[in-house]
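Let me begin by presenting the structure, written as structure tokens, before commenting on it.
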Amino acid sequence: MSEADKGSTESAVEAPRDFIREIIQSDLDAGRVDGLVTRFPPEPNGYLHIGHAKSLCLNFGVAEEFGGRCHLRFDDTNPVKEETLYIDAIKKDVSWLGFDWGDHLYFASDNFEQLYAWAVDLLENGKAYVDDLNAEEMREYRGTLTKPGRNSPHRDRSVEENLDLFARMRAGEFANGEKVVRAKIDMAAGNINLRDPAIYRILHETHPRTGDAWCIYPTYDFAHGQTDAIEGITHSLCTLEFEDHRPLYDWFVANLPVKTAPHQYEFSRLSLSHTVLSKRNLKQLVDDGKVSGWDDPRMPTLSGFRRRGYPASAIRTFARQLGFTKSGDSVVEMANLDFFVREALNKTALRRMAVLNPLKVTIENWPEGQVDWMDAVNNPEDEGAGKRKVPFTRELYIERDDFMEDAPKKFFRLSVGREVRFKYGFFVTCTEAIKDDKGEVIELKCTYDPETRSGTNPPDGRKVKGTIHWVSAVHAIKGDVRLYDPLFNRPDPGADGDFQDDINPDSLTINTAALLEPSLADASVGEAIQFERLGYFCADPDHSPNAPVFNRTIGLRDSWAKAQKKG
RNA sequence: UGGGGCGUGGCCAAGUGGUUAAGGCGCUGGUUUUUGGUAUCGGUAUUCGGAGGUUCGAAUCCUCCCGCCCCAGCCA
């Protein structure tokens, strides 16, 4: 992360207190653990999104606060869904968010041999068995939510037979689905996870890390807790839907010769309004071409946010102030995230001038060919950011929205006969609006007051109600500006059917007419820049000095537009 | 007629028997301002899902009721 990104925004948010931190504190105080070790365990089957950021901030956050450590562990037990490209993308995103796992990078697959041995251990102790039931039969034997299940006919196979079968499973003698090994727990348990859960299945599939070494793979339930134990994880933090799995997690820890006894705690996952946050839905958007990729700036993925220009610090601050609770069905409003994005950007973004919808202005009393280089501050929130020069000339462009023909009293911008300040320039009065045949205003004739040069006020003491931005016609460069609106046009996409039916068709607008202050050609990708009065932008990876491309990260708060909307 | 959770303002969320029921977002007024931005000041729950009960005192303890979420993958 950059120096600027390490700013003080986070320290401004008080150290949070939540039930997880309380548990950790009390475990430490009581000496139940020697130190804190957490882990962030993504499955490499998609990109990380803002929901993962919450978990990342919790796991790495508490580790840092309590002087412990946090491991990055890939939960790669299902080769049919997992890919190396996701492993790389996840590592990049975790680093970008600002977390460092040091030497503690692990893969569940590193433990396949040990997990196999533990499955054998269970088989030897009569606590597991090889079953021949197929998936459909197993479902039928499992019972329902209200009715207990029945024992499989193979539940009481001999230890010898089980061991032989399991060895042959490993050796590849059986096809996918032909055999499965199950923990022998209780088919009548109210908790369905305890009705003899599958712990090993046959998957003739190449694994991203172990290749073809295995054709049987442990399930999540059989891998997660044991992997936690191997790594010495003390507090295994996960989301609420795993609450029902905790008895199973504990069962394996209790019934296997693991060296440590980690504990699982659950917190509520993040839901955000106006977007979807499940890998399945996000992958569908990518696969169906509804977005340009996982890093499309409209995506709630970390890579999407990064490309969009959201500072990592804003995401961290956002996560931090949310808190960690067990309230299951909470949906955080997108406006909450927006606030932290603007807050971070306001402090760090360089200010530049750019006109998105240009309207020509000719300053008739300005000498032809004269260029005055005016002082402009780079960031009013940060004196250290310095100043730059911007060229003021006879022919300028302003924003179309900054001119109105029949302007109401409350309109503080330009209109025929009205005077405004051109930021860092002069007071300018509009004398005439030139129209084309269709009656559309195509140019403004104006005059300026030489006694109002930026930094000075007119001797007669008159004031101006508005200040607008502008660019010099001869100096400006052209560029594409991509404007984003929410990907979905309702806060709860999919609430009444297919979430794709709620896609906002106008979520991306590409503006090719924008005129930019010349220095913008040299913007570096991702660098935060405010286009004065318009919003925060950053150069897209597609950007080049000859063909500038900017993304609008987020607009400025706009109370004028809001008042307009209300009528 | 199963098991596991959760219910505090529009949203998130403190609160752990005695507080005028924190705080943030949003919304809404004012002030400042060469960004209608920022900053700043004020307003925004007589009440904690509901009903009873215990207590001098309850969002906090007890009882019953109501509502919402998760679980029947050889996904994680």
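No experiment lies behind these values; they were computed from the predicted model shown. Every chain is numbered from 1 and lettered A, B, ... according to where its sequence line falls, protein lines coming before strand lines.
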>> Looking at C6(B), I'd like to know if its phosphate oxygens (OP1 or OP2) sit under 4.0 Å from a side-chain N or O belonging to Ser327(A).
In response: no

>> Considering every strand and a 4.0 Å limit on heavy-atom distances, what is the contact class for Glu22(A): base, sugar-phosphate, or nothing?
In response: base

>> Strictly below 4.0 Å: does Arg142(A) bring a side-chain N or O up to OP1 or OP2 of G73(B)?
In response: yes

Nucleotides 66-71 of chain B: which of its N/O atoms have a protein N/O under 3.5 Å away?
unit_1 : atom_1 : unit_2    : atom_2 : d
C68(B) : O2'    : Asp329(A) : OD2    : 2.6

> OP1 or OP2 of G36(B) less than 4.0 angstrom from a side-chain nitrogen or oxygen of Arg533(A), does that happen here?
Replying inline: yes

> Side chains of Arg352(A) and His469(A): is there a donor and an acceptor less than 3.5 Å apart?
Replying inline: no

> NA contact type, Leu322(A), heavy-atom cut-off 4.0 Å: base, sugar-phosphate, or nothing?
Replying inline: sugar-phosphate

> Can you tell me how far P in G18(B) sits from the matching atom in A13(B), rounded to whole Å?
Replying inline: 24 Å

> Do any side-chain nitrogens or oxygens of Arg557(A) fall under 4.0 Å of OP1 or OP2 in A39(B)?
Replying inline: no

>> Please determine whether a side-chain nitrogen or oxygen atom of Arg320(A) lies at a distance below 4.0 Å from atom OP1 or OP2 of A13(B).
In response: no

> Considering heavy-atom distances to RNA chain B, does Tyr536(A) or Arg342(A) have its closest nucleotide positioned more toward the 5' end?
Replying inline: Arg342(A)

> With rounding to whole Å, what would you report as the distance between U38(B) and A21(B) at their P atoms?
Replying inline: 32 Å

> Whole-Å distance between C12(B) P and Asp338(A) CG?
Replying inline: 16 Å

Polar atom pairs (N or O), protein with nucleotides 47-49 of chain B, under 3.5 Å:
none

> Is there a Watson-Crick or G-U wobble partner for C64(B) with both distances under 3.5 Å, and which nucleotide is it?
Replying inline: G50(B)

>> Below the 4.0 Å mark, does C74(B) have OP1 or OP2 next to a side-chain nitrogen or oxygen of Arg182(A)?
In response: no

> How long is the line joining CE of Met138(A) and P of G73(B), in whole Å?
Replying inline: 9 Å

> Looking only at side-chain N and O atoms, does Lys562(A) come under 4.0 Å of OP1 or OP2 in U28(B)?
Replying inline: yes

>> Under 4.0 Å, counting only non-hydrogen atoms across every strand here, what does Lys423(A) touch: a base, just sugar-phosphate, or nothing?
In response: base

> Which class fits the ring pair His52(A) and Phe40(A): parallel under 30°, tilted 30 to 60°, perpendicular over 60°?
Replying inline: perpendicular

> Which whole number of Å gives the distance between the P atom of G7(B) and that of G24(B)?
Replying inline: 22 Å

> Do NZ/NE/NH1/NH2 and the carboxylate oxygens of Arg17(A) and Glu22(A) come within less than 4.0 Å?
Replying inline: no

> Any donor-acceptor pair under 3.5 Å between the side chain of Arg413(A) and the base of G36(B)?
Replying inline: yes

> Strictly by modelled atom types, are Ser236(A) and Arg39(A) linked by a side-chain donor-acceptor pair under 3.5 Å?
Replying inline: yes

>> Counting the atoms with a prime plus P, OP1 and OP2 as sugar-phosphate, which does Val464(A) contact under 4.0 Å by heavy atoms, base, sugar-phosphate, or nothing?
In response: nothing

> When all nucleic acid strands are considered with a 4.0 Å heavy-atom cut-off, which category describes Ser268(A): base, sugar-phosphate, or nothing?
Replying inline: nothing

> So which of residues 75-85 of chain A are in contact with RNA chain B, with a heavy-atom cut-off of under 4.0 Å?
Replying inline: Asp75(A), Thr77(A), Asn78(A), Lys81(A)

